[in-house]
Amino acid sequence: MHPRVLRAMSAPLLGHLDPAFVQMMEEVKDLLRVVFATTSPLTIPISGTGSAGMEACLVNLLEPGDELVVGVNGVFGTRMAEVAERAGAVVRRVEAPWGKVVRAEQVEAALKNATKPKLVAIVHAETSTGAWQPLAEIAKLAHDHGALMLADCVTSLGGVPVLIDEWGIDAAYSGTQKCLSCPPGLSPITFGPRAVDVVKARKTKVQSWYLDLSLLAQYWGEERVYHHTAPISMNYALREALRLVVEEGLEARYARHAKNHRALAAGLAPIGLALAAEDGHRLPMLNAVTVPDGVDEAKVRGRLLKDHGIEIGGGLGPMKGKVWRIGLMGESSRRSHVLSVLAALEDALRAEGRSVTPGAAVGAAQATYAA
Ligand SMILES: Cc1ncc(COP(=O)(O)O)c(C=O)c1O
């Protein structure tokens with residue numbers, strides 16, 4: 001996190017209906033509309049982490065018996081399917097191998113086979129695999145079949161373009177702790193006009209009182225009706241984090257993420273490491289790296305943490321033990337981190353008995369920065 005975000009969190013508290021806090025809420029909504037590239041009024045932070053945003057979107061858009069087409073190619077698509085099932089939806093899974101993206105043709109086939117699809121849901125940045133899912137074509141297909149489009153932008157928002165209005169995304173959610181570089185605790189969501197109409201036309205009450213958007217909209221809208229006590233300090237933090245994003249400029253921020261990703265990728269090759277996600281669909285902020293045969297992935301991760309103070313992730317689900325996941329998100333997407341993690345990997349792999357030329361990874365990354 002940027003020190004300004006930390007400082008914002010220690011500011012004195014305000015009441016959740018204090019005029020100064022209300023004004024801050026308006027600023028948060030305006031800034032969120034900038035990062036989501038939308039004009040939708042219903043663009044607010046949900047109290048809770050990214051999963052709360054996921055749940056809010058699904059339980060508000062779906063009623064029992066509604067049909068949902070969901071892309072499943074990692075942990076978070078799987079979670080969306082699970083949440084939708086619990087909401088009583090009929091779930092049509094469109095599966096792709098982990099590390100690959102879901103093809104538009106697959107979604108089209110599922111939509112054709114469905115009886116009356118209401119929603120297509122898909123993860124933009126699959127944090128468990130590092131796959132970067134194209135959305136615009138799938139959104140168009142959803143609309144052609146009379147369905148809405150929901151996107152999980154937890155890891156993408158603030159790191160790669162998220163063009164909600166241009167791509168025709170009807171609803172999306174994100175999280176604060178990824179490329180927005182804010183502590184975990186809020187989940188920004190946006191609902192466009194079609195999604196708002198679907199919520200208004202519901203025949204049944206949303207089963208979650210806490211996540212009922214019609215109620216939340218009365219607190220975040222002009223009525224200012226108390227619903228639940230807003231997490232005040234988290235909203236301070238989010239406002240500051242969003243200001244930092246806007247000060248840097250979205251394009252500059254995306255370019256920074258892309259550049260550091262390219263440098264990391266260039267550094268991995270000379271030490272025998274390769275990115276695991278499908279070529280052409282690799283996220284810049286989440287780099288899944290295939291663990292070479294014969295290397296104990298947990299040991300290398302342990303060495304990175306103990307000897308170098310660097311924490312990287314292990315694989316999840318079917319990728320457990322098979323990949324490392326290197327995050328270069330928001331504030332942490334920086335040259336010094338790329339060079340440090342590559343130097344640490346060289347060191348840890350040598351300690352594991354691999355033949356690695358000292359400086360090979362760091363040198364290759366430096367060359368991309370110099371180019
Ligand atoms: C793509 C994606 N969706 C949803 C979530 C869930 O968010 P949280 O863990 O903040 O509840 C995550 C968390 O890592 C994520 O990466």
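Bear in mind the structure is a predicted one, so any value in this text is a computation, not a measurement. Note that ligands are numbered from 1 as they come in the structure, with each ligand's atoms numbered from 1 the same way.
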Exercise. Can you tell me the protein heavy atom closest to atom 13 (C) of ligand 1 and the distance?
Worked result: K178 NZ, 3.2 Å
For this session: Identify, by atom number and element, the atoms of ligand 1 in contact range of R79, meaning under 4.0 Å from any of its heavy atoms.
Result: 6 (C)
Problem set entry | With sequence neighbours excluded, residues passing side-chain contact (heavy atoms from CB on, under 4.5 Å) with D296 | A298, K299, E352
Problem set entry | Protein heavy atom at shortest distance from atom 3 (N) of ligand 1 | D152 OD2, 2.6 Å
Problem set entry | Residue T155 vicinity, atoms of ligand 1 by number, heavy atom under 4.0 Å | 16 (O)
For this session: Would you confirm whether the ring centroid of Y210 sits within less than 6.0 angstrom of the ring centroid of H228?
Result: yes
Exercise. With a cut-off of 6.0 Å (strictly less than), are more than 12 heavy atoms of other residues, nucleotides or ligands near CZ of R4?
Worked result: yes
For this session: Using a strict cut-off of less than 4.0 Å between a Lys/Arg side-chain nitrogen and an Asp/Glu carboxylate oxygen, indicate whether E137 and K140 qualify as a salt bridge.
Result: no
For this session: Can you establish whether the number of heavy atoms outside E222 located under 6.0 Å from its atom CD is more than 12?
Result: no
Exercise. Which of the numbered atoms in ligand 1 are below 4.0 angstrom from a heavy atom of A125?
Worked result: 1 (C)
For this session: Verify the neighbour count for atom CD of Q23: are there more than 12 heavy atoms of other residues, nucleotides or ligands below 6.0 Å?
Result: no
Exercise. Ligand 1 and Y173, any nitrogen or oxygen pair closer than 3.5 angstrom?
Worked result: no
For this session: Give yes if a backbone or side-chain nitrogen or oxygen of G50 is under 3.5 Å from a nitrogen or oxygen of ligand 1, and no if not.
Result: yes
Exercise. Got a sec, which residues hit side-chain hydrogen bond (donor to acceptor under 3.5 Å, both in side chains) with R282, two or more places apart in sequence or on another chain?
Worked result: none
Exercise. Any idea which protein heavy atom is nearest atom 12 (C) of ligand 1, and the distance to it?
Worked result: F76 CE2, 3.2 Å
Exercise. Does the pair R243/E27 count as a salt bridge with the N-to-O cut at 4.0 Å?
Worked result: yes
Problem set entry | Closest protein heavy atom (residue, atom, distance) for atom 16 (O) of ligand 1 | T127 OG1, 2.4 Å
Problem set entry | S51 N/O under 3.5 Å from ligand 1 N/O | yes
Exercise. E126: heavy atom below 4.0 Å from ligand 1, yes or no?
Worked result: no
